[in-house]
2 protein chains.
Amino acid sequence: MTTQDDRATVGAMHTVTMSDVAERAGVSSATVSRVLNGNYPVAQATRDVVNRAIEDLGYTANAHARALASSATHSVGIIVNDLVDPFFSYIVRGVEQEASATGRLCIVAASQGDVDREIGLIDRMISQRTDAVIVVGGGYEDPRARRRMAERARTLAGIGSTLVLCGRPSVGEQAPTKIVGYDNEGGAFAVTQHLIAQGHRRILYLGGPIGLSTSVARLAGFRRAMQSHGYDVPPELVHQGAFGRRFGHATMGEILDGNPEITAVFAANDLVAAGALDAMTARGVRVPEDISLVGYDDIPQSSELTPKLTTVHVPLEDMGRESVRLALSRTDDAFGRHADGEIIVGTRLVERESVAPPRATPWTPGR
Amino acid sequence: MTTQDDRATVGAMHTVTMSDVAERAGVSSATVSRVLNGNYPVAQATRDVVNRAIEDLGYTANAHARALASSATHSVGIIVNDLVDPFFSYIVRGVEQEASATGRLCIVAASQGDVDREIGLIDRMISQRTDAVIVVGGGYEDPRARRRMAERARTLAGIGSTLVLCGRPSVGEQAPTKIVGYDNEGGAFAVTQHLIAQGHRRILYLGGPIGLSTSVARLAGFRRAMQSHGYDVPPELVHQGAFGRRFGHATMGEILDGNPEITAVFAANDLVAAGALDAMTARGVRVPEDISLVGYDDIPQSSELTPKLTTVHVPLEDMGRESVRLALSRTDDAFGRHADGEIIVGTRLVERESVAPPRATPWTPGR
DNA sequence: TTGAAAGCGCTAACAC
DNA sequence: GTGTTAGCGCTTTCAA
């Protein structure tokens, strides 16, 4: 009832629906639906009338009704630790770009590194029936979490969606996930080799949460490189803890004050490296003259440090884009049993200015 | 039909719905709904049976059906220029936090600074019936864009949602928007005063897209401060263009090479300041000894530059949080006519290390 | 405390 | 080309 007003500028009290448009255009709502979706032939004349009505009424389709009727949501979900950490925000940017390019909206949520929260968020995305849910970043070796994750992967597969692990290890062969990853161990091995080739022997490994898959792999690559040359990795030269700048700064400071006699630092990521660099600079330690420094990830800021950081390039934004592409490419077998689809993106050493051969005598606090 | 399997581990071919749960639990779907929402009394026994069934079947409610039936989406939308720019990502973080804290999911999209795209995105959010749509960052003085924006504000108000302009000027008194802003002009005036108080006269204004409201206001504050002291602002000392680091670096470089005889630089934001700092450092210009430098926004990175940047602090994350709070607090009058709700967050000068009195003779390229 | 039934706004056969 | 008519999966009166 009620449609004899033309007060186009006043907010309607009753949300305008498709049948309002239909009525005004003098057609059925099916026709309105057809001109909206443009997937069925509609006479140009009718099309015009309908569009006119849509315009007049200021109609905007209800995405939920649409999703319900067509079971197509045109959305993807992404879960990250922290939205301001460049590692994550570049990946989110890639995801948003690709989602947007394929007409999808992007639901993003931050887990703050909390496993339970993460699972809860996945469940909310399942509720949303997103075309994909992308979980980003390393995880902990926790059987219970893996199992719960695997369950979600199955649920998602069951509703025709996909769980993609972006920069996170598999949660089991059985789980129907897709993976977009890169070789952390290999990259770490490569930078370490680089340091060793320059003549470094006493290298400090700094940063990365203990037990986080990403940390674990990077540390493993570091160790393997050292050991393959017969060099020791004394416990006092391995300091883990976190992936942030603050950690790098604080820990590097303490270590420096303890006269470690190191000639190089392998920071677990660029943020840690930036923090460490600060600590060194503040103490008059010159990089790379006194101590060499390498990072990991190659976030754009790294080439803006002084000196520019030598690091391992990880194509963050691409990973985001690939994650949604992979998820949307439906190639799994009929029973959805077989976990298919895995992309390993390339990584490479980026040599800039923070590495040089070691000094004849290691830097020490006093002098 | 069909429910005599217990293969809990295999993805169901038919999405499990509420009536599946109801059937399994031997109750009506209304009851299932009631235990799910916990807003009606349900016998503990029934509750248990239902929960058991939910567990067994791995049921996850369909958010779209829910939204359609209850017209409550529990979501907010946010539109920013760029997800990796700290200015935006901190605001997004604030929005996500508050949304999450109130049980809402966050739909984020990037406009890439394109006005039409931005409008299109707002329309998509309207389709989603989000509880609020938050548009972040300066806008251009474009009557057509303003009008379209105002229309969207009305549409949103009409469906019980809210358009909030975060860090963007009003689109007209008539439009039912809410605003979370800060005083750009005043902040710019204040930093400029600070520079002047140190003795600077020839100050370069650097960066900010021409015509963007934020830029316009900052430049206006700069001008007003200079003029209030009777100082000139010669055109060759105003270089606008963009808000990025690259712009700051490139432009500062060129200017320096042209022997501008300046003693200080007012960068339109911290990113521009960081770029300018690089350019100066690369040319052996010492900050603040040779040239002083100030920025705007106080993104966390600014206190990690060398020297630490003197800048204007803007509570980015708070603004994000306040945006959703304000939107969710329904306080408008019955007819939704009156645009209500505006928060102006406080801003303050943060003195760090990048400002000093000018040298007796300005720095010049030769020396 | 629980069930029946009427929608929510749209899509997708199926007819004409 | 266009209209009719079932649903999509849930919430919410209204009765019982």
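Quick caveat: nothing in here was measured; it's all calculated off a predicted structure. So that the names make sense, note that chain A is the first sequence line, chain B the second, and so on, each numbered from 1.
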> Does anything in residues 29-42 of chain A reach DNA chain C, meaning a heavy atom under 4.0 Å, and if so which residues?
Replying inline: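 Contacts with DNA chain C under 4.0 Å: A/A30, A/S33, A/R34, A/N37.
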> How long is the gap from CD1 on A/I159 to OG1 on B/T60, to the nearest 0.5 Å?
Replying inline: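 Going from the CD1 atom of A/I159 to the OG1 atom of B/T60 covers 7.5 Å.
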> Which angle, to the nearest 10 degrees, lies between the helix axes at the two ends of the helix from C/dT1-D/dA16 to C/dC16-D/dG1, each defined by five pairs?
Replying inline: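 Answer for the end axes of this duplex: 30°.
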> Which nucleotide span of DNA chain C, 5' end to 3' end, has atoms closer than 4.0 Å to non-hydrogen atoms of chain A?
Replying inline: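 Counting from the 5' end, contacts occupy C/dG9 to C/dA13.
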Considering only NZ, NE, NH1 and NH2 on the basic side and carboxylate oxygens on the acidic side, decide whether [X] and [Y] come within less than 4.0 Å.
X	Y	value
B/D116	B/R144	no
B/R168	B/E118	yes
A/D56	A/R52	yes

> side chain to side chain donor-acceptor pair (under 3.5 Å) with A/N39: which residues, sequence neighbours excluded?
Replying inline: none
>> The criterion is side chain to side chain donor-acceptor pair (under 3.5 Å); which residues satisfy it with B/S161, sequence neighbours excluded?
In response: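 Partners of B/S161 by the side chain to side chain donor-acceptor pair (under 3.5 Å) criterion come out as none, since no residue qualifies.
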Under a 3.5 Å threshold, yes or no: a donor from one side chain and an acceptor from the other, between [X] and [Y]?
X	Y	result
A/S100	B/R117	yes
B/Q44	B/D48	yes
B/R146	B/S170	no

> Of the options B/T162, B/I107, B/I78, B/L105, which is the one that meets B/T130 in a side-chain contact (heavy atoms from CB on, under 4.5 Å)?
Replying inline: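 Result: among B/T162, B/I107, B/I78, B/L105, B/I107 is the only option passing the side-chain contact (heavy atoms from CB on, under 4.5 Å) with B/T130.
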> On DNA chain C, nearest-nucleotide positions of B/R129 versus B/G26: which is more 5'?
Replying inline: B/G26
> Can you list the residues that meet the side chain to side chain contact (heavy atoms under 4.5 Å, CB included) rule with B/D123, with sequence neighbours excluded?
Replying inline: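 Result, side chain to side chain contact (heavy atoms under 4.5 Å, CB included) vs B/D123: B/I119, B/I126, B/R152.
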>> So, using side chain to side chain contact (heavy atoms under 4.5 Å, CB included) as the criterion, who are the partners of B/Y40 when residues are at least two apart?
In response: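 With sequence neighbours excluded, B/Y40 shows a side chain to side chain contact (heavy atoms under 4.5 Å, CB included) to B/R34, given in chain and number order.
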> For DNA chain D, what residues of residues 43-54 of chain A have any heavy atom nearer than 4.0 Å?
Replying inline: A/A43, A/T46
> Listed in order of residue number, which residues of residues 62-69 of chain A have a non-hydrogen atom at under 4.0 Å from DNA chain D?
Replying inline: A/L68, A/A69
> Of all nucleotides in DNA chain D with an atom under 4.0 Å from a non-hydrogen atom of chain A, which is the first and which the last going 5' to 3'?
Replying inline: D/dG1 to D/dG9
> Which residues satisfy the salt bridge (Lys or Arg N to Asp or Glu O under 4.0 Å) test with B/R93, sequence neighbours excluded?
Replying inline: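 Per chain and number, B/R93 pairs via salt bridge (Lys or Arg N to Asp or Glu O under 4.0 Å) with A/D82, B/E317.
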> Got a sec, which residues hit salt bridge (Lys or Arg N to Asp or Glu O under 4.0 Å) with A/R325, two or more places apart in sequence or on another chain?
Replying inline: A/E98, A/E322
>> Give me the atom names and distance for the closest heavy-atom approach of B/A175 to B/A150.
In response: CB-CB, 3.8 Å
>> For a side chain to side chain contact (heavy atoms under 4.5 Å, CB included) check, start with the C-alpha distance between B/Y59 and B/D20, then their side-chain angles and the critical distance, and finish with the verdict.
In response: CA-CA 9 Å; B/Y59 169 73; B/D20 293 331; over 6 Å; no
>> So does A/R104 get a backbone contact from the side chain of A/S75, meaning a donor-acceptor N/O pair under 3.5 Å?
In response: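 Not at all, since once roles are kept as given, no pair shorter than 3.5 Å links the two residues.
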